[in-house]
J.: 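The structure is given below, and queries will be raised subsequently.
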Number of protein chains: 2
Amino acid sequence: MDHPDPQAKPYHHGDLRRAILDAAERMLAEEGLEAVTIRACARAAGVSPAAPIHHFGSLRDLLAVLAARGFGQLVARLDADLSQSGHQGDRALVGAYVAFALSAPRMFDLMWREDVLNPAQAELVAARSLALGRLQFHSQTAIGEGDARLRAIRSWSLAHGLATLLLHGRIVTALGGPGTGLETKEDFAALAYDLMFVRG
Amino acid sequence: MDHPDPQAKPYHHGDLRRAILDAAERMLAEEGLEAVTIRACARAAGVSPAAPIHHFGSLRDLLAVLAARGFGQLVARLDADLSQSGHQGDRALVGAYVAFALSAPRMFDLMWREDVLNPAQAELVAARSLALGRLQFHSQTAIGEGDARLRAIRSWSLAHGLATLLLHGRIVTALGGPGTGLETKEDFAALAYDLMFVRG
DNA sequence: TCCGCTAACTAAACAATGTATAGATTACGC
DNA sequence: GCGTAATCTATACATTGTTTAGTTAGCGGA
């Protein structure tokens, strides 16, 4: 029998590493971080629990590689939004950052969950430093007064804080809600943009 | 034998609920959130694993009650710092908020970890809404231009984002470090204050 | 003072998890 | 073709949260 049975799955998967990551990404988006376990990934790919361990070393490293994907997606989103935007530098940056967080909330959360992933994993370190460098670059293309470093910290903090609080539902609970003009994702991205104009 | 043996621990603890919470708070601060398990709390209090369940219902509820303590501590800190501060309203608020996060990093993290605690737990709901109401109050005592609601969202977002990024060590990695004037907790609290003066 | 009720707690068990170990299978370079 | 290394399975272990059934003791009322 040298003609392979199309029903029988091969002993070697062929691209198991990617398949596991794809399954993990889908489970993260649809079922949440807690659903992403070694055994669930193995089940989704139809392999034994030890197979993902072989490719990633541990769950912490698997999640780190997954978060690296997230930082890549963030960079793609920032570059896309900022290239075709009439807005300027740091102000548009805040809107794009918040828009990404709202469009991929669980991935955004994972990217900062250093308790559950291995923050020193090589792919993650590379993807994260690239993304943060890009953030710093965009925040400094704007013309403005004062220390450029302070402006960068302010932009990033404002964007990160607003995104985080929005994902927790706290801003809607405390200040928004039906009839307040803060309902859709677009409202919040616009809010982020507006915040950059509020004077201290 | 009606005189109790001082060596023998009684079957009934007397104040087990508080003892469990105290143990959990200590373990959280010293060993991290992952060390706070039902079984570890039970071991620390010298009881069986089912005893904490009886008092709290589940680990998610135990952590929620613990987070409620955290919100109480935040309120105490805000009130203390803002009463004896020459600074005004929302600007001092940001500094005090960041100072709290840096002084109790793991508690601050837990307070927003709605995946691991029960966000609808009664004590937590009460303590959180009280704390957030106080935040809103302080942010609006300042005189300033523009929409008061926007100013409140901006203050809170800036404080929360800066605190979160500082705890992740990202700002130090990206922008601070030795020789940059950003090293101690006080430097960062001052940074938070300064950020409120940066113009958009 | 004793009785009964109820809260507080124990003991034991279950399913699920991460991961280590040893072995089986297959691809691939020489 | 053959040996080696990569890939994957089977099995096992310790740990976790939680459930169930049963034990102990504090406490109010007769």
Side-chain angles (χ1 to χ4, degrees), chain A residues 1-6 8-24 27-28 31-66 110 113-118 121, chain B residues 1-24 27-28 31-67 110 113-118 121:
Chain A
M1 307 261 197
D2 43 4
H3 56 88
D5 183 356
K9 62 163 195 186
Y11 191 94
H12 284 225
H13 182 284
D15 201 2
L16 183 56
R17 191 186 144 99
R18 179 175 304 266
I20 289 171
L21 279 177
D22 290 344
M27 290 190 298
L28 175 66
E31 304 167 48
L33 175 57
E34 297 177 10
V36 183
T37 67
I38 286 286
R39 298 176 110 98
C41 292
R43 280 191 295 268
V47 295
S48 82
I53 296 277
H54 175 259
H55 280 278
F56 296 94
S58 71
L59 176 63
R60 297 172 60 81
D61 289 271
L62 195 167
L63 292 175
V65 176
L66 191 58
L110 172 64
R113 288 290 303 280
E114 306 209 345
D115 56 319
V116 82
L117 54 77
N118 176 8
Q121 202 276 339
Chain B
M1 308 256 195
D2 43 5
H3 57 88
D5 183 357
Q7 298 291 351
K9 63 166 195 185
Y11 191 94
H12 285 229
H13 183 285
D15 201 2
L16 182 55
R17 190 185 145 99
R18 179 174 303 265
I20 289 172
L21 279 177
D22 290 344
M27 290 190 297
L28 175 66
E31 304 167 48
L33 177 56
E34 298 176 9
V36 184
T37 67
I38 287 284
R39 295 176 111 99
C41 292
R43 280 191 294 267
V47 295
S48 82
I53 295 277
H54 175 259
H55 280 278
F56 295 94
S58 70
L59 176 62
R60 298 173 59 81
D61 289 271
L62 195 167
L63 292 175
V65 176
L66 192 56
L110 171 65
R113 288 290 303 280
E114 306 208 345
D115 57 318
V116 82
L117 53 78
N118 176 9
Q121 202 276 339

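Below, chains carry the letters A, B, ... as their sequence lines are ordered, and counting in each starts from 1.
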J.: Would you mind reading off the distance between Leu16(A) atom CG and dT25(C) atom P, rounded to a whole angstrom?
T.: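 In whole Å, dT25(C) P and Leu16(A) CG are 18 Å from each other.
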J.: How many Å lie between CD on Glu34(B) and P on dG17(D), as a whole number?
T.: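 Those two atoms, CD and P, are 12 Å apart.
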J.: Do you know which of Asp61(B), Leu117(B), Ile20(B), Leu28(B) makes side chain to side chain contact (heavy atoms under 4.5 Å, CB included) with Leu66(B)?
T.: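 That would be Leu28(B).
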J.: Which heavy atom of Ala67(B) sits nearest to which heavy atom of Leu110(B), and what is that distance?
T.: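 Scanning both residues, the minimum pair turns out to be N-CD2, 4.1 Å.
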J.: Rounded to the nearest Å, what distance is computed from the CG atom of residue Leu117(B) to the C1' atom of nucleotide dG17(D)?
T.: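 So the two atoms are 16 Å apart, to the nearest Å.
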J.: Output, in order, the C-alpha distance, side-chain angles, deciding distance and verdict of side-chain contact (heavy atoms from CB on, under 4.5 Å) for Arg113(B) and Arg113(A).
T.: CA-CA 10 Å; Arg113(B) 288 290 303 280; Arg113(A) 288 290 303 280; 2.5 Å; yes
J.: Name the nucleic acid region contacted by Ser48(B), choosing base, sugar-phosphate or nothing; use a 4.0 angstrom heavy-atom cut-off, strictly under.
T.: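 It contacts base atoms.
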J.: Over all heavy atoms of both residues, which pair between Cys41(B) and Val36(B) is shortest? Give the atoms and the distance, please.
T.: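 It is SG-CG1, 4.1 Å.
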J.: Separation of Asn118(B) atom CG from dT18(D) atom C1', in whole Å?
T.: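 Taking atom C1' of dT18(D) as the reference, CG of Asn118(B) is at 16 Å.
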J.: What's the spacing between Phe56(B) CZ and Leu21(B) CG if we round to 0.5 Å?
T.: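 So the gap between those two atoms works out to 3.5 Å.
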J.: Tell me: CZ of Arg39(B) to C1' of dA15(C), nearest whole Å?
T.: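 Distance check: Arg39(B) CZ to dA15(C) C1' gives 12 Å.
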J.: Given atom CZ of Arg43(B) and atom C1' of dG17(D), what is their separation to the nearest angstrom?
T.: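 Rounded to the whole Å, the gap is 13 Å.
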J.: Quickly work out the Ile38(B) CD1 to dG17(D) P distance and round it to whole Å.
T.: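 Result: 6 Å.
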J.: Can you pull out the residues from residues 54-66 of chain B that lie within a 4.0 Å heavy-atom distance of DNA chain C?
T.: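 By residue number: His54(B), His55(B).
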J.: Provide, to the nearest angstrom, the distance between the CZ atom belonging to Arg18(B) and the C1' atom belonging to dA8(C).
T.: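 Checked: the CZ to C1' distance equals 18 Å.
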J.: Any donor and acceptor pair, going by atom type alone, linking the side chain of Arg60(B) with main-chain N or O of Asp115(B) inside 3.5 Å?
T.: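 Pair found, side chain donor or acceptor close to backbone of Asp115(B).
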J.: I want to verify a distance call: between dT10(C), dT18(D), dT9(D), whose nearest atom is closest to the Ile53(B) side chain?
T.: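 When the side chain of Ile53(B) is considered, dT18(D) is the closest of dT10(C), dT18(D), dT9(D).
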